[in-house]
Number of protein chains: 2
Amino acid sequence: MLTAQVAHVYSLVGIHHGMTQAPLTTRELIIAAAVDLFYGEGVRGVSMDAIAARAGVTKRTLYYHFVSKDELVAAYLAARDQPTLATFMRWLDETEGGLSEKIEGMFQRVARAAGHPKWKGCGFLRTAAELVNTPGHPALKAGALHKKRFEEWLTSLIAADGLDDAPLRARQILVLLDGAMSVIMVHRDPAYAEAAGQAAAAIVKSKA
Amino acid sequence: MLTAQVAHVYSLVGIHHGMTQAPLTTRELIIAAAVDLFYGEGVRGVSMDAIAARAGVTKRTLYYHFVSKDELVAAYLAARDQPTLATFMRWLDETEGGLSEKIEGMFQRVARAAGHPKWKGCGFLRTAAELVNTPGHPALKAGALHKKRFEEWLTSLIAADGLDDAPLRARQILVLLDGAMSVIMVHRDPAYAEAAGQAAAAIVKSKA
DNA sequence: GTCTATAGCTTGATAGAC
DNA sequence: GTCTATCAAGCTATAGAC
């Protein structure tokens, strides 16, 4: 069980994606614990004590590496940025067909992922929801940056397919994706991703 | 300023929507304070002390009317259910044109509302995001019930217009609406509601 | 039904040794 | 860089008087 835990940690920080497998630094260990706990229970529901215990360090060490909890929350989202993008890129790649089929396949993969008991919605949206009353919070900036990158990736996909109005279509698909994850979080019903996927596919097909 | 505060309170609990204007009971005062603070700062970011102080009662009185904070959070969302539905119904009614124009107008009203400094996304989604790690929480049930009612309302609208596949179209529009509110919360950019509104209008126009 | 007062615990962050 | 120990403040919830 401790072995599985460690494997999970490696997966969460994206270490095994073609990188050298050096042992985790203390900082990486802390971020891995933060990713696990903040995503699982919400950033306001997790104490610095809990993070330190999960990481196997003392709070003093934790505060040596991160000046405050706010900075650690921001580091949590920054650590999830590229791995999250890579996951969606992989989901798109692994679907056969043209762009509309690939987009719809991406939504189906979201539906499947949402069935796992550990799935708890989009960590970026959930963190933004918790911290929206503190403008300027570093984690809000990290979350907004990720969503912008995601939207840019969608735009480039659509433009590469030769479609006009790529920025608008990408924006609509992003809204459908974030909406699907939000509503599934509420109802625990993956069918919303299927419905959203059909709408997204139609957006990529229309007008030409 | 205290007067404006009280007016706001009346608006939030929906007392002035054609009801008699009896003075607020203590319970209603507490719920009004909860609505204000929980929506503004998040349910985990607001203490029972803060609610009591805002309501002008002691904590002992607060716990006389609500057995726990969890129940008060659920009461907050239950209090927002009908007023929220009424607001969206009004936004739809106030837009001229056919159903697709009305739906798009509803999204434009969301965009406008999101420009107000006090707007902080969808309170139901934000509360779900905070409490998703506590399955069975009474507030999660209240939030899910509201979203179901909203979806049913959209379904009835679309069916009344003579369109086929009303449940699917309603579901897609709900996802677009919740997605728009989520992404606007992240970027503070109402343009996402415009893009989502166009997609929603297209969904109501297609196929016949 | 509302009050004053407080129990019992957890929080984010820090002091100072090594 | 990591440790033990701890602070001052905040938290949910309750005791008991009126």
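Excluded from the calculations below are hydrogen atoms, water molecules and symmetry mates; all remaining heavy atoms, backbone and side chain alike, are included. Owing to the predicted nature of the structure, the values given are computational and were not obtained by experimental measurement.
Proximity of B:Y64 to the phosphate of C:dT2: no side-chain N or O atom is located under 4.0 Å from OP1 or OP2. At least one side-chain nitrogen or oxygen of A:T26 sits closer than 4.0 Å to the OP1 or OP2 atom of D:dT2. Remark: A:S47 is in phosphate contact with C:dT11, judged by side-chain N or O atoms under 4.0 Å from OP1 or OP2.
Shown are A:K141, A:R149, A:K147; of these, the salt bridge (Lys or Arg N to Asp or Glu O under 4.0 Å) with A:D81 is made only by A:R149. When B:T87, B:T95, B:L177, B:D93 are each tested for a side chain to side chain contact (heavy atoms under 4.5 Å, CB included) with B:M106, only one passes: B:L177. Paired with B:H146 under the rule ring pair (Phe, Tyr, Trp, His ring centres under 6.0 Å), one option of B:W153, B:F124, B:Y76, B:F88 passes, and it is B:F124.
The separation between B:L62 atom CG and C:dT4 atom C1' is 16 Å, rounded to whole Å. In this structure, NZ of B:K69 is placed 8 Å from C1' of D:dT12, rounded to the nearest angstrom. As rounded to whole Å, 15 Å separates atom P of D:dT12 from atom CD1 of B:I30. In this structure, the CD atom of A:E71 is 14 Å from the C1' atom of C:dG12, given to the nearest Å. Protein atom OH of A:Y63 is 17 Å distant from nucleotide atom P of D:dC7, rounded to whole Å. Atom CG of B:D49 and atom P of C:dT4 are 13 Å apart (whole Å). The nearest whole Å value for the distance from the CD1 atom in B:I51 to the C1' atom in D:dA13 is 15 Å. Separating the CD atom of A:E41 from the P atom of C:dT11 is a distance of 11 Å, rounded to the nearest angstrom.
Within the nucleic acid shown, A:V67 has no heavy atom closer than 4.0 Å to any nucleic acid atom.
When the nucleotides D:dT2, C:dT4, D:dT12 are ranked by their closest atom to the side chain of B:M48, D:dT12 comes out on top. Closest approach to the B:K59 side chain among C:dA13, D:dA13, C:dT2 is made by D:dA13 (side chain taken as heavy atoms from C-beta onward).
At least one donor-acceptor pair closer than 3.5 Å links the side chain of A:E130 to the backbone N or O of A:V43.
Nearer to the 5' terminus of DNA chain C, by closest-nucleotide assignment, is the contact made by B:H65 (compared with the other of A:R44 and B:H65).
Remark: B:A75 engages B:I31, B:F66 in a side chain to side chain contact (heavy atoms under 4.5 Å, CB included) (not counting sequence neighbours).
For the pair A:K120 and B:N133, the tightest heavy-atom approach, listed with the atom from each and the gap, is CE-CA, 4.2 Å.
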Pairs under 3.5 angstrom, nitrogen or oxygen only, protein versus nucleotides 16-18 of chain C, please.
unit_1	atom_1	unit_2	atom_2	d
C:dG16	O6	A:R60	NE	3.0

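Listed by first and then second residue, the salt bridge (Lys or Arg N to Asp or Glu O under 4.0 Å) pairs that reach into residues 184-204 of chain B come to none, sequence neighbours excluded.
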